Structure formats: structure tokens, C-alpha cells
Amino acid sequence: MKFELPALPYGYDALEPFVDKETMEIHHTKHHQTYVTKLNEALEKYPELQTKTVDELLMDLENIPEDIRTAVRNHGGGHANHSMFWTVMASPKAGGGGEPGGELMKALNASFGDFPKFKDSFSKSATGIFGSGWAWLALSEPRESKGSKLVITTTPNQDSPLSKHETPLLCLDVWEHAYYLKHQNRRAEYIEAWWNVVNWKEAERRLEQ
Ligand code: MN
């Protein structure tokens, strides 16, 4: 079984004007595709690993054979992170942007004071990542554990919070390839625009799960 590039749940232009069509198309068909291809190459001589999900591989990096561990971390992470990233965005016409509801809103209020404070804190973390990486809203524990707290966390490169035994609810790609065409070096401007396409329904679903 080979990993495959998942289809986007919307058209390349669906997130306009906040995330532009050309960036989405290159990001999905070139960047994400390359992570998938290289992950498959890395796993070629380990058929027993090809039956696992990418999340399972990332949660158990310590047990990945050493000769492919870095490749799985980078390309498996790239595949998992982007697969999630597409689903936590939605066209404003399809409900993207705005504020979360229900349990997630309550949890954000409890953890960060209120929603604007959460947004501000998340944006600052994302803006402050040195070089390439990701900002996350996550639960501090694996899915099956009790006593999780909501945390804002960042990872360098394509590292996944799953490898730190956290459970991701929302993610933001701050690699330059995610915004350079439209925003050039203005990462903070990209982040500000991105809030308009956040798919809170998906983050809520992940919290419930
Ligand atoms: Mn990316």
C-alpha cells in the first residue's frame, strides 16, 4: 500500500482572497506531492511499515529503522501535516473563519482567557517561529489519555506534534512556500488573512474525538 496525495476538500480558488489559488495549487500538487513520493521511497524496503498509517509512524519514530528515521520524520511529517492543514481550512462561503462554537470555545476561554487572547497568542507563536515550521493548537496528551490541556505549540521543519505525544486540533503552515507568492516576507500579514479561512468545525470535531 502506497501513500497517496489526498484530494483537496475544495477547489484551489476556494480560499480566495485570503489564500490565493496559485499558492494553493503549487503547495498541494508540488510540495505535498513531494512529501508523499519521498515517504513512499523511504518505506520501499520496509513492507511491514507500509501497512501503518502515517500518524502511527510519527507517534512511534523511536522504533523506525535508523536508516529511514529522518526521512519518515521529514516526509511522513510533511504528508501528515499538510493532509491535516487542508482540512482545517474552508472557504468563508462554506463556513470558514469566524469563531469556534460549543466545547472548543469553552475550552479556549478556560485555557487562554478569551478567544481574542487565544488568537493573539497563536499568531505571536506562529510569527515568531525562526525559519520553517508549524504552529499548532493541540491537546497536551495522546488521544486516549485523560487530563489533557489545550496548548499552543510550535514545531520546526515538518515535525509533528504526534511525535511529542500531543494531539493536534488546528495547524498553520508558516513555511515561506505557504505565503511567499502573495505576501512575500510578510508572514504576520499571511497569518492575519488565514484566520478568515479557519475551519472551526474540523477543530471542534477533533476535540470531540
Ligand atoms: Mn507547506
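Small disclaimer: the values here were computed from a predicted structure and weren't measured.
Residue K119 qualifies as enclosed at atom NZ: its count of foreign heavy atoms under 6.0 Å is above 12. Atom NZ of K182 is surrounded by more than 12 heavy atoms from other residues, nucleotides or ligands within 6.0 Å. Atom CD of E4 is surrounded by 12 or fewer heavy atoms from other residues, nucleotides or ligands within 6.0 Å.
Side chains of T155 and K164: a donor-acceptor N/O pair is absent below 3.5 angstrom, by distance only. Side-chain contact annotation: W86 with H32, donor-acceptor N/O pair under 3.5 Å present.
Ion pairing between E202 and R205 holds under the 4.0 Å rule for side-chain N and carboxylate O. Salt bridge E103/K106: present, at least one basic N to carboxylate O contact under 4.0 Å. Taking 4.0 Å as the cut-off between side-chain N and carboxylate O, D60 and K52 do not count as a salt-bridged pair.
Put simply, the residue from L58, D55, L57, V54 that forms a side chain to side chain contact (heavy atoms under 4.5 Å, CB included) with S160 is L58.
Ring orientation note: the planes of F115 and W200 are nearly perpendicular, at an angle over 60° on the 30°/60° scale. Relative orientation of the F85 and H27 rings is tilted, given thresholds of 30° and 60° on the angle between their planes.
Here E99 pairs with nothing under the salt bridge (charged side-chain N to carboxylate O under 4.0 Å, His left out) rule; sequence neighbours left out. Applying the salt bridge (charged side-chain N to carboxylate O under 4.0 Å, His left out) criterion to R187, with sequence neighbours excluded, gives no partner residue.
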